[in-house]
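Right, one structure below, let's go through it.
Side chains are part of it too, since the values below use all heavy atoms of this structure and drop only hydrogens, waters and symmetry mates. Ligands are counted one by one from 1 in listed order, and the atoms in each one are counted from 1 as well. What you are looking at is a predicted structure, and each value in this text was computed from that prediction instead of being measured.
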Amino acid sequence: MLLGHPPMSLPRVESRTSSASPPAAPKLHLVTFGCQMNKYDSERVEGRFLKAGYGLTAEIEQADVVVFNTCSVRDHAEERVWSWLGELKRHKVRRPDLVVGVMGCMAQRLEGEIFQRAGHVDLVVGTRAFQRLPELVEDLRAQRARAAASRPNGLSLTGMDERPDLEREGEQYRGGTLGYLTVMRGCDLNCSFCIVPSVRGRVLSRPPEEVLREARWMVERGAKVLCLLGQTVNSYGEDLPEVAPGQPRGRGRGGRPSLADLLYALQELPGLERIRLITLHPAYVTPALARALAECDKAERFLPLPVQSGSDAVLRAMKRGYNLDLYRRKVELLRQAVPDLELGSDWIVGHPLEREQDFAASEHFLEEIGFAVNYVFKYSPRPGTRSDGFEDDVSEEQKRERNARLLALAERVQRARHAAQLGREQELLVEEPYERRPGVWKGRTRHGLAFALEARDVSPGASVRARAEQASPYGLAGGLVCGERAGTAPAGAP
Ligand code: SAH
Ligand code: F3S
């Protein structure tokens with residue numbers, strides 16, 4: 001069977017051993033939990049440690065510095081980090097010189113509590129200050145060398161005024177074919193259930209020149225797909241200054257640069273094959289964005305456009321800023337521009353006030369829109385959010401049951417969506433080999449659908465034509481179209 005079952009959330013990612021650093025160099029091991037933005041931030045942190053003369057190790061036992069990049073979006077994500085920190089405690093008893101750092105959303109949210117519950121943590125660095133980690137670690141190691149007996153107290157840095165995205169010139173690119181590129185940070189919306197605005201702060205869009213410089217830097221080093229990241233990536237530019245009279249105007253509000261402008265600019269970048277977007281918010285879907293998607297063929301024909309619930313009453317309680325009617329109109333606008341567009345959604349089941357009929361409305365809406373990819377989450381109360389003030393009035397049992405029901409329906413809809421591609425020739429971008437399936441490659445169709453390609457002599461980054469012979473709820477599988485020659489690896493690819 002070619003088709004695997006992809007995980008519903010990103011798996012944990014750990015540092016890969018670097019080859020270039022001298023054997024005596026101190027070594028970092030970084031463990032990443034949570035979303036793609038964390039993955040990007042971890043790459044940046046690894047890059048800065050490498051630049052500072054460190055090596056990376058895939059073996060936690062061999063590390064001199066261990067950093068956890070954490071997630072707070074659901075309670076379960078935090079529990080996983082606590083249990084890893086617990087494991088590490090034993091290790092630190094044997095290796096008192098080990099430096100332990102915690103970065104990311106949980107670091108930002110809990111700060112002092114981390115030192116209280118895990119006394120072996122040395123550094124807590126928030127969501128905007130993480131690029132300072134190498135200096136902080138160096139200071140700590142120097143301090144320890146001076147006063148070997150006394151252990152300095154833990155240091156935390158969680159201010160939100162830092163500029164997290166520094167130039168990458170002089171760093172190594174380790175992203176491979178698929179490069180994550182954060183174009184904006186933070187979120188200015190305030191969905192009732194969501195911890196993100198409080199831990200990631202207000203929106204901070206990067207200037208377009210900076211985004212393009214980094215995109216070029218990545219593509220020159222082997223990236224073929226750029227995945228533009230933002231909590232509401234299609235609100236990119238809203239916070240940038242209005243353009244002065246006489247200056248070139250963008251397609252955003254008041255002539256500001258927008259995501260549409262980034263798409264047109266990246267479309268012209270030689271060597272770049274695909275542009276992927278994560279995550280869009282329905283309220284910021286504009287005609288200019290729909291047009292840009294239609295006109296830029298490097299943009300994948302897939303958009304993650306989370307609806308969260310199919311009930312207007314629950315959407316109101318969630319303060320999502322749209323109702324179903326508006327969501328439908330946004331989808332219509334997008335599908336008028338790009339008729340074969342595929343959509344993905346996140347769903348929360350068991351949010352406070354979700355009655356059986358509201359849940360049934362979510363089932364209807366999932367089917368009505370025909371989402372090709374769905375992530376279903378059981379509501380998890382987050383301290384300090386508006387929803388946490390409501391009574392968590394859906395029992396765990398009901399949440400579990402609704403979760404299973406929505407997943408079962410999602411699988412049926414997804415299978416049909418994928419099956420519609422059977423027999424059609426697909427333009428496939430090959431991303432990487434499957435770890436334990438020799439001769440099978442992970443690729444994505446132009447519609448962003450996962451494709452398991454059985455082929456010999458294919459390389460990451462190759463664009464090939466393939467035909468789907470099998471469909472599952474999670475992807476397609478098949479081989480090359482007859483006569484197709486396998487592509488070659490891009491120059492400079494790792
Ligand atoms: N910025 C993105 C999502 C951020 S969090 C957006 O605009 O949608 C990723 C997903 O986690 C959300 O889409 C939501 O479905 C889920 N999520 C967020 N908070 C949650 C909570 N308290 N309980 C359960 N799921 C949650
Ligand atoms: Fe969270 Fe809503 Fe922003 S889900 S990240 S507050 S758009």
In terms of ring plane angle, is the pair Phe365 and Phe371 parallel, tilted or perpendicular, where the classes change at 30° and 60°? tilted
Near Val196, which atoms of ligand 2 are under 4.0 Å from a heavy atom of that residue? 5 (S)
re atom 3 (Fe) of ligand 2, the protein heavy-atom contact at minimum distance is Cys187 SG, 2.3 Å
Could Arg221 and Glu171 be called an ion pair, given the rule that one side-chain N must be under 4.0 Å from one carboxylate O? no
With a cut-off of 4.0 Å, which atoms of ligand 1 are near a heavy atom of Arg74? 11 (O), 16 (C), 17 (N), 23 (N), 24 (C), 25 (N), 26 (C)
Parallel, tilted or perpendicular: ring planes of His281 versus Tyr284, cut at 30 and 60 degrees: perpendicular
Among protein heavy atoms, which sits nearest to atom 21 (C) of ligand 1, and what does the distance come to when rounded to 0.1 Å? Ser380 O, 3.6 Å
Does an N or O anywhere in His281 fall below 3.5 Å from an N or O of ligand 1? no
Here's a test for you: under side chain to side chain contact (heavy atoms under 4.5 Å, CB included), which of Val285, Thr286, Val338 qualifies with Leu333? Val285
Ligand 1-proximal atoms of Gln308, by part, heavy-atom distance under 4.0 Å: side chain
Can you confirm whether Asp161 is buried at CG, in the sense that more than 12 heavy atoms of other residues, nucleotides or ligands lie under 6.0 Å from that atom? no
Specify side chain, backbone, both or neither for Ile348, according to which of its non-hydrogen atoms lie closer than 4.0 Å to ligand 1. side chain
Report yes or no: does Cys191 have an N/O/S atom closer than 2.8 Å to atom 2 (Fe) of ligand 2? yes
What orientation do Trp84 and Phe33 show, parallel under 30°, tilted 30 to 60°, or perpendicular over 60°? perpendicular
Using a 4.0 Å cutoff against the non-hydrogen atoms of Thr232, which atoms of ligand 2 qualify? 7 (S)
With a 4.0 Å heavy-atom cut-off (strictly under), which part of Arg320 contacts ligand 2: side chain, backbone, both or neither? side chain
Closest protein heavy atom (residue, atom, distance) for atom 1 (Fe) of ligand 2: Cys194 SG, 2.3 Å
Atom indices of ligand 1, in the order listed, that fall short of 4.0 Å to a heavy atom of Val73: 5 (S), 18 (C), 19 (N), 20 (C), 21 (C), 22 (N)
Have a look at ligand 1 and work out which part of Phe193, if any, has a heavy atom under 4.0 Å from it: side chain, backbone, both or neither. both
Using every non-hydrogen atom in the two residues, find where Val314 and Leu353 come nearest and quote the distance to one decimal. CG2-O, 4.3 Å
Quick check: closest heavy atoms across Lys224 and Leu429, and the distance to 0.1 Å? CB-CD2, 4.3 Å
Under 4.0 Å, heavy atoms only, figure out whether ligand 2 is touched by the backbone of Pro306, its side chain, both or neither. neither
Where does Pro306 meet ligand 1, judged by heavy-atom distances below 4.0 Å: at the side chain, the backbone, both, or neither? side chain
Atoms of ligand 2 under 4.0 Å from any heavy atom of Pro197, numbered from 1 in the order shown, are 6 (S)
Could you tell me whether Asp41 and Arg44 make a salt bridge, using a distance below 4.0 angstrom between a side-chain N and a carboxylate O? no
Against heavy atoms of Gln231, which atoms of ligand 2 measure under 4.0 Å? 5 (S)
Heavy-atom distances under 4.0 Å decide this one: backbone, side chain, both or neither, for Gln231 against ligand 1? both
Counting from 1, what ligand 1 atoms have a heavy atom of Lys378 closer than 4.0 Å? 23 (N), 24 (C)
Should the pair Glu242-Arg253 be classified as a salt bridge under the 4.0 Å nitrogen-to-oxygen rule? no
Tyr236 versus Pro207, closest heavy-atom pair with distance: OH-C, 3.6 Å
My understanding is that only one of Met37, Gln231, Gln36 makes a side chain to side chain contact (heavy atoms under 4.5 Å, CB included) with Ile278; could you say which? Gln36
Between the side chains of Arg405 and Glu356, is the shortest nitrogen-to-carboxylate-oxygen separation below 4.0 Å, so that they form an ion pair? yes
Closest approach of any protein heavy atom to atom 9 (C) of ligand 1, naming residue and atom: Asp346 OD2, 3.9 Å
Please could you name the atoms of ligand 2 that Phe193 approaches to less than 4.0 Å, counting only its heavy atoms? 4 (S)
Quick check: does Thr279 get an N/O under 3.5 Å from an N/O on ligand 1? no
With a cut-off of 6.0 Å (strictly less than), are more than 12 heavy atoms of other residues, nucleotides or ligands near CD of Glu396? yes
Near Tyr379, which atoms of ligand 1 are under 4.0 Å from a heavy atom of that residue? 23 (N), 24 (C)
